[in-house]
A.B. asks: 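This is the structure, below, for whatever I ask next.
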Amino acid sequence: MSILQSTQFDIQTLAITTRDGRLGFDVRSVFEELNIYDNIMMPCMSGSIVLRDASGFATKMQFDGSEYIEINIVKDIHNPDGMFFRKRFVIYKLTDRKELNQKSEIYTLHFVSEEYILSEQKKIRQSYVGTHYDMVVKILNDHLMVPNETIIDGSKSGFANFEPSKGNHQMVISNQSPFDAIKIITKRAISNSGTPDYLFWQTQLGYNFMSLGTLLSYDPFYK
């Protein structure tokens with residue numbers, strides 16, 4: 001989702017905070033560009049935000065990987081069933097920092113889902129028995145702390161679309177990060193039609209584990 005015009009959406013929350021909540025800044029008035037990406041070929045959502053800073057914000061925050069960005073965007077605040085986006089990300093990098101004048105600068109902050117950072121810090125050395133579906137769910141539960149179901153503003157999310165896979169299998173995961181392990185398992189998963197076409201990716205509603213055939217059979221949510 002790329003916001004091309006500010007009038008297209010109502011940005012209700014766009015705030016950057018430290019992990020301990022000690023510092024927090026509302027950046028709605030100083031951002032130049034906001035991009036949020038989800039991709040069926042990538043395990044996690046990510047994005048970037050361009051800030052025009054005249055208050056030394058980057059120096060105060062330091063941006064050492066312990067900062068979050070909170071985003072809450074709605075398409076139509078008067079329509080409860082309209083398009084919305086609510087999520088918290090981890091800021092992991094600052095790039096393209098340029099001084100505009102003696103009082104202001106511009107730079108880009110890059111962010112990613114919290115589970116990606118956690119995955120990079122862990123290695124799995126474990127044997128799994130069951131369906132590939134079960135293995136993916138267990139890795140998400142045990143290693144990335146993703147619950148089967150979470151409640152966000154009264155709407156159910158968590159595992160957005162998980163499609164059971166065919167057959168029982170045994171796999172040994174040796175020294176792989178959780179997302180790398182899920183990638184290996186996904187490539188081996190077989191759908192009920194007998195096709196090895198599973199994908200694993202994240203949207204704002206949660207993680208998805210689904211065959212390409214099933215995905216293509218769905219009607220689009222937004223036109």
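Values below: every heavy atom of this structure, side chains too, minus hydrogens, waters and symmetry copies. In this chain, residues are counted from 1 in sequence order.
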A.B. asks: Report yes if the side chains of P43 and Q202 come closer than 4.5 Å at any heavy-atom pair, otherwise no.
C.D. replies: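 Contact flag for P43/Q202 side chains = no.
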A.B. asks: Between the side chain of E67 and the main-chain N/O of I91, is any donor-acceptor distance below 3.5 Å?
C.D. replies: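 Side chain of E67 to backbone of I91: no pair is present.
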A.B. asks: With no hydrogens and no angle check, just 3.5 Å: does a side-chain donor-acceptor pair link E33 and N35?
C.D. replies: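 A donor-acceptor contact under 3.5 Å links the two side chains.
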A.B. asks: Do V137 and F179 land in one hydrophobic cluster if side-chain heavy atoms of ILVMFWY residues count as linked below 4.5 Å?
C.D. replies: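 Linked within one cluster.
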A.B. asks: Under the side chain to side chain contact (heavy atoms under 4.5 Å, CB included) rule, what do V74 and F85 come out as? Steps first, then yes or no, please.
C.D. replies: CA-CA 6 Å; V74 295; F85 183 91; over 6 Å; no
A.B. asks: Do Y68 and L144 share a hydrophobic cluster (ILVMFWY, side-chain heavy atoms under 4.5 Å, transitive)?
C.D. replies: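 Y68 clusters together with L144.
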A.B. asks: Does I124 offer a backbone N or O that forms a donor-acceptor pair with the side chain of N175 under 3.5 Å?
C.D. replies: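 No, because the side chain of N175 does not come within donor-acceptor range (under 3.5 Å) of the backbone of I124.
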A.B. asks: If you measure from CD1 on I11 to CD1 on I71, what distance do you get to the nearest 0.5 Å?
C.D. replies: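 That separation rounds to 9.0 Å.
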A.B. asks: Would you tell me whether S66 and D64 have side-chain atoms, one donor and one acceptor, within less than 3.5 Å of each other?
C.D. replies: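 Side-chain D/A pair, S66 to D64: present.
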A.B. asks: Go through the structure and list residues passing side-chain hydrogen bond (donor to acceptor under 3.5 Å, both in side chains) with S217, not counting sequence neighbours.
C.D. replies: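 With neighbours one apart ignored, the set is empty.
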A.B. asks: Can you confirm whether or not the ring centre of F209 sits under 6.0 Å from the ring centre of Y198?
C.D. replies: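 Ring centroids of F209 and Y198 are less than 6.0 Å from each other.
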A.B. asks: Show me the donor-acceptor pairs, under 3.5 Å and distance only, between side chains in residues 99-109 and residues at least two apart or in other chains.
C.D. replies:
unit_1: N101; atom_1: OD1; unit_2: K103; atom_2: N; d: 2.8
unit_1: N101; atom_1: OD1; unit_2: S104; atom_2: N; d: 2.9
unit_1: N101; atom_1: OD1; unit_2: S104; atom_2: OG; d: 3.1
unit_1: N101; atom_1: ND2; unit_2: S104; atom_2: OG; d: 3.2
unit_1: E105; atom_1: OE1; unit_2: R97; atom_2: NE; d: 2.8
unit_1: E105; atom_1: OE2; unit_2: R97; atom_2: NH2; d: 3.1
unit_1: Y107; atom_1: OH; unit_2: D53; atom_2: OD2; d: 3.0

A.B. asks: Search all heavy atoms of M135 against all heavy atoms of G130 and return the closest pair with its distance.
C.D. replies: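 For M135 versus G130, the nearest heavy atoms are CE-O, 3.4 Å.
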A.B. asks: Are I173 and Q176 close enough that some pair of their side-chain heavy atoms sits under 4.5 Å apart?
C.D. replies: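 Yes. Closest side-chain heavy atoms under 4.5 Å.
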A.B. asks: If only atom types and distance count, is the side chain of K122 paired as donor or acceptor with the main-chain N or O of H143 below 3.5 Å?
C.D. replies: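 Pair found, side chain donor or acceptor close to backbone of H143.
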A.B. asks: Find out whether E114 and M145 are in side-chain contact, i.e. whether some heavy atom of one side chain is under 4.5 Å from a heavy atom of the other.
C.D. replies: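 The answer is no, as the side chains (C-beta and beyond) never meet within the 4.5 Å cut-off.
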A.B. asks: Hey, does I184 have a side-chain heavy atom less than 4.5 Å from the side chain of M171?
C.D. replies: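 When only atoms from C-beta onward are counted, I184 and M171 do touch, with a gap below 4.5 Å.
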A.B. asks: Please check if the side chain of S113 supplies one atom and the backbone of E115 the other of a donor-acceptor pair under 3.5 Å.
C.D. replies: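 Between the backbone of E115 and the side chain of S113 there is no qualifying donor-acceptor contact (under 3.5 Å).
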A.B. asks: Can you tell if the side chain of L14 reaches within under 4.5 Å of the side chain of I49, non-hydrogen atoms only?
C.D. replies: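 Counting from C-beta outward, L14 and I49 do come under 4.5 Å.
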A.B. asks: Work out which heavy atom in H110 is nearest to a heavy atom in T95; give both atom names and the distance.
C.D. replies: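 That would be NE2-OG1, 2.7 Å.
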A.B. asks: How many angstroms lie between OG in S211 and CD in E163, if you round to the nearest 0.5 Å?
C.D. replies: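 That separation rounds to 3.5 Å.
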A.B. asks: Answer yes or no: is there a side-chain heavy-atom contact under 4.5 Å between H169 and H132?
C.D. replies: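 Answer yes - side chains close enough.
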A.B. asks: Under 6.0 Å from the ring centre and within 45 degrees of the ring axis: does the NZ or CZ of K87 meet both conditions for the six-membered ring of F89?
C.D. replies: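 Verdict for F89: a cation-pi partner in K87.
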A.B. asks: With the 4.5 Å side-chain cut-off for hydrophobic clustering, are V172 and I139 part of the same group?
C.D. replies: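 No, it is not one cluster - the side chains of V172 and I139 are not joined through contacts under 4.5 Å.
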A.B. asks: Kindly indicate whether the side chain of D197, heavy atoms from C-beta on, has any atom under 4.5 Å from the side chain of S191.
C.D. replies: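 Side-chain contact under 4.5 Å: yes.
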A.B. asks: Shared ILVMFWY cluster between V90 and V50, side chains joined below 4.5 angstrom?
C.D. replies: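 Looking at the clustering, V50 is in a separate group from V90.
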A.B. asks: Suppose we call two aromatic rings close when their centres sit under 6.0 Å apart. Are Y37 and F111 close by that rule?
C.D. replies: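 So the answer is no for these two rings.
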A.B. asks: Side chains of L216 and T214: closer than 4.5 Å at any heavy-atom pair?
C.D. replies: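 L216 vs T214: side chains apart.
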A.B. asks: Where the side chain of S165 meets the backbone of Y133, is there a donor-acceptor pair that is under 3.5 Å apart?
C.D. replies: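 Yes, S165 side chain to Y133 backbone: donor-acceptor pair under 3.5 Å.
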A.B. asks: Would you say L118 ends up clustered with I185 if hydrophobic residues are merged whenever their side chains have heavy atoms under 4.5 Å apart, either directly or through other cluster members?
C.D. replies: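 As far as the 4.5 Å side-chain criterion goes, L118 and I185 are connected within one cluster.
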A.B. asks: Atom OG1 in T186, atom CG in L199: separation rounded to 0.5 Å?
C.D. replies: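 Here the rounded value is 8.0 Å.
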A.B. asks: Under 3.5 Å, which donor-acceptor pairs do the side chains of residues 24-31 form with other protein atoms, sequence neighbours left out?
C.D. replies:
unit_1: D26; atom_1: OD1; unit_2: R28; atom_2: N; d: 3.0
unit_1: D26; atom_1: OD1; unit_2: R28; atom_2: NE; d: 3.1
unit_1: D26; atom_1: OD2; unit_2: R28; atom_2: NE; d: 3.1
unit_1: D26; atom_1: OD2; unit_2: R28; atom_2: NH2; d: 2.7
unit_1: R28; atom_1: NH1; unit_2: Q12; atom_2: O; d: 3.1

A.B. asks: Which value, rounded to the nearest 0.5 Å, describes the distance between T17 atom OG1 and I69 atom CD1?
C.D. replies: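 Output value for this atom pair is 9.5 Å.
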A.B. asks: Atom CG in L212, atom CE in M210: separation rounded to 0.5 Å?
C.D. replies: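 With rounding to 0.5 Å, CG (L212) is 10.5 Å from CE (M210).
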A.B. asks: Please answer whether the main-chain N or O of W201 pairs with a side-chain N or O of N208 as donor and acceptor at a distance below 3.5 Å.
C.D. replies: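 Side chain of N208 to backbone of W201: a pair is present.
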A.B. asks: For F200, does the CZ atom sit with more than 12 other heavy atoms under 6.0 Å from it, leaving out its own atoms?
C.D. replies: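 For F200, atom CZ is crowded (more than 12 foreign heavy atoms under 6.0 Å).
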A.B. asks: Using 0.5 Å steps for rounding, measure from the CD1 atom of I36 to the CD1 atom of I73.
C.D. replies: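 Those atoms lie 4.5 Å apart.
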A.B. asks: Can you tell me if E70 and T13 form a side-chain donor-acceptor pair at under 3.5 Å?
C.D. replies: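 No, no side-chain donor-acceptor pair sits under 3.5 Å.
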